[in-house]
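Computed from a predicted structure; not experimentally measured. We're numbering straight along the sequence, starting at 1.
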Amino acid sequence: MNISTIQADLQQLVTAGKVTSHEELKNHVFTRMGGQADILAAPATYDELQKIVTYAQQQGIALTVLGNGSNVIIRDGGVRGIVLQTSDLADMGIRGSLLYAQCGAKIIDVSRYALTQELTGLEFACGIPGTVGGALYMNAGAYGGEIKDVLDSALAVNKAGQIVTLQGDELQWGYRKSVFASGEYIILEARFSLTAGDPAAIKASMDELTFLRESKQPLEYPSCGSVFKRPPGRYAGQLIQESGLQGTRIGGAEVSRKHAGFIVNADHATASDYIGLIHHVRAAVMDKFGIELETEVEIIGEE
């Protein structure tokens, strides 16, 4: 099937959301680089998302999920098939004893909403730039907290387009990973189990963590955030710094001088620049310390 046919078909299924073709993905990711999506589909409802998943499965079309693009590198050749963007699914609220948030909601916004409801447990997420879906996908964490610590259950769509609820051991939590990394499910919604807390204390904690983030991280440049997972017993940023790599450049990509765990788009970097610098950093750290750094960022698309 050609791109025009796929777009026309999806526009019949996605009437409240948006469907575009040849979309520049650099406009949808934090690194501000990467190629085009054949089709970008942004559903406005769970029903529309289900229809996109079912259509892609029936037609044998590749389907790639994209949240707000905070922890992803899109290669310069772009992404074939359908890119499913969840950003318009951003509702949140209280249902019974749980706080729910749709997959496209920003986890920062959810932590702030928890504060308004005088609920504690999500303070650690007040500086994580990704969506709820992305946070569940990689069991996001910061400052001693992780998503697995506060998640009760998740609503998801399986490859057959059926809605299922996952909880407990079904979520297969690990360090920066979960069952969702298998590609068997697309996250629709998270249900968080939080506890009542003192709003002044919650706000004070969030203010402190926000200050730490803003003072230590190179937020003035486009980047994918923290590039590497933390090696056992060490910190990736420290290893990179001790390898003398801060300020190292390939093209427009640079190892941040402010925080060595970040690679920034300092001057119109291409994805090839960025990925090349990742490989250079990994090789240098392996050569000096014998430690293999694993990437935390997702790298997708064609060369």
Side-chain angles (χ1 to χ4, degrees), residues 23-37 40 64-79 83 85-87 104 106-108 125 127-142 147 175-178 180-181 213-214 216-231 235-237 239-241 245-285 293-303:
E23 184 77 20
E24 293 288 350
L25 289 174
K26 66 183 179 182
N27 298 325
H28 297 274
V29 295
F30 277 38
T31 58
R32 294 295 178 259
M33 62 193 184
Q36 295 182 345
L40 184 73
T64 302
V65 180
L66 181 69
N68 68 344
S70 62
N71 190 47
V72 64
I73 296 170
I74 308 289
R75 292 188 178 96
D76 297 316
V79 182
V83 173
Q85 188 174 44
T86 62
S87 301
K106 296 174 184 176
I107 194 69
I108 289 176
I128 296 174
T131 60
V132 167
L136 267 64
Y137 180 92
M138 66 174 297
N139 185 24
I147 289 295
Y175 175 62
R176 298 296 174 264
K177 63 182 180 181
S178 70
F180 300 111
R213 175 175 179 262
E214 292 178 349
K216 292 183 178 181
Q217 297 183 12
L219 304 179
E220 65 273 21
Y221 289 107
S223 82
C224 64
S226 181
V227 177
F228 301 102
K229 296 179 182 179
R230 187 178 69 244
Y235 290 96
L239 294 171
I240 296 166
Q241 182 176 349
L245 293 168
Q246 283 183 283
T248 299
R249 275 202 186 199
I250 292 180
E254 179 180 288
V255 178
S256 171
R257 300 169 189 270
K258 189 173 184 180
H259 189 311
F262 286 67
I263 292 176
V264 298
N265 182 350
D267 185 17
H268 302 93
T270 65
S272 295
D273 294 339
Y274 213 94
I275 294 167
L277 189 52
I278 288 173
H279 291 323
H280 177 74
V281 167
R282 293 184 72 195
V285 170
L293 293 179
E294 291 185 52
T295 52
E296 180 174 305
V297 62
E298 292 283 316
I299 302 174
I300 62 174
E302 308 290 326
E303 296 290 352

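- Among all heavy-atom pairs drawn from A253 and A269, the shortest one is N-CB, 3.6 Å.
- Shortest non-hydrogen contact noted between S226 and F262 is N-CE2, 3.7 Å.
- Results of the side-chain contact (heavy atoms from CB on, under 4.5 Å) test with V264 over S223, P222, C224 single out S223 as the only residue that passes.
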Side chain to side chain contact (heavy atoms under 4.5 Å, CB included) assessment of K177 paired with Y137:
CA-CA 6 Å; K177 63 182 180 181; Y137 180 92; over 6 Å; no
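- In this structure the side chain of L66 reaches within 4.5 angstrom of the side chain of H28, judged on heavy atoms.
- Here the side chains of T64 and I300 are in contact, with some heavy-atom distance below 4.5 Å.
- Heavy atoms from other residues, nucleotides or ligands lying under 6.0 Å from CZ of F180 number more than 12.
- Note that CG of D76 is 7.0 Å distant from CD1 of I275, once rounded to the nearest 0.5 Å.
- Expressed to the nearest 0.5 Å, how far OG1 of T248 lies from NE2 of H280 amounts to 5.0 Å.
- No side-chain donor-acceptor contact under 3.5 Å links S87 and N68.
- Taking CD1 of I74 as the reference point, atom CE of M33 lies at 9.5 Å (rounded to 0.5 Å).
- From K216, atom NZ reaches atom OG of S256 across 13.5 Å, with rounding to the nearest 0.5 Å.
- Separating the NE2 atom in H259 from the CD atom in Q217 is a distance of 6.0 Å, to the nearest 0.5 Å.
- Counting only heavy atoms from C-beta outward, the side chains of Y274 and I278 approach each other to under 4.5 Å.
- Between M138 and N71 there is a side-chain heavy-atom pair separated by less than 4.5 Å.
- Atom-to-atom distance recorded for E24:CD and Q36:CD is 4.5 Å, nearest 0.5 angstrom.
- The minimum heavy-atom distance between I128 and A140, with the atom names listed, is CD1-CB, 4.2 Å.
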Could you walk me through whether V72 and F30 pass side chain to side chain contact (heavy atoms under 4.5 Å, CB included), step by step?
CA-CA 8 Å; V72 64; F30 277 38; over 6 Å; no
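- When side chains are defined from C-beta on, R213 counts as touching P129, because their heavy atoms get closer than 4.5 Å.
- Without hydrogens or angle criteria, R75 side chain to E302 main chain gives no donor-acceptor distance under 3.5 Å.
- Taking the side chain as every heavy atom from C-beta outward, N27 and R32 never approach each other to under 4.5 Å.
- Here the shortest heavy-atom pairing between S70 and G130 reads OG-CA, 3.1 Å.
- Contacts classified as side-chain hydrogen bond (donor to acceptor under 3.5 Å, both in side chains) and involving residues 260-271 (residues at least two apart or in different chains) are given here: T270-D273.
- Legend: residues meeting side-chain hydrogen bond (donor to acceptor under 3.5 Å, both in side chains) with R249, ordered by chain and number and at least two apart, are E254.
- In this structure, the side chains of I107 and T131 stay at 4.5 Å or more apart for every pair of heavy atoms.
- Counting non-hydrogen atoms of other residues, nucleotides and ligands closer than 6.0 Å to OH of Y175 gives a total above 12.
- At least one donor-acceptor pair closer than 3.5 Å links the side chain of R176 to the backbone N or O of G141.
- Looking only at distances, no side-chain donor or acceptor of R230 sits under 3.5 Å from a matching main-chain atom of Y235.
- Of the possible polar contacts, one joining the Q246 side chain to the R257 backbone as a donor-acceptor pair under 3.5 Å is found.
- For the pair K229 and E296, the salt-bridge criterion is not met [side-chain N within less than 4.0 Å of a carboxylate O].
- Nearest heavy atoms, A284 versus L245: CB-CD1, 3.8 Å.
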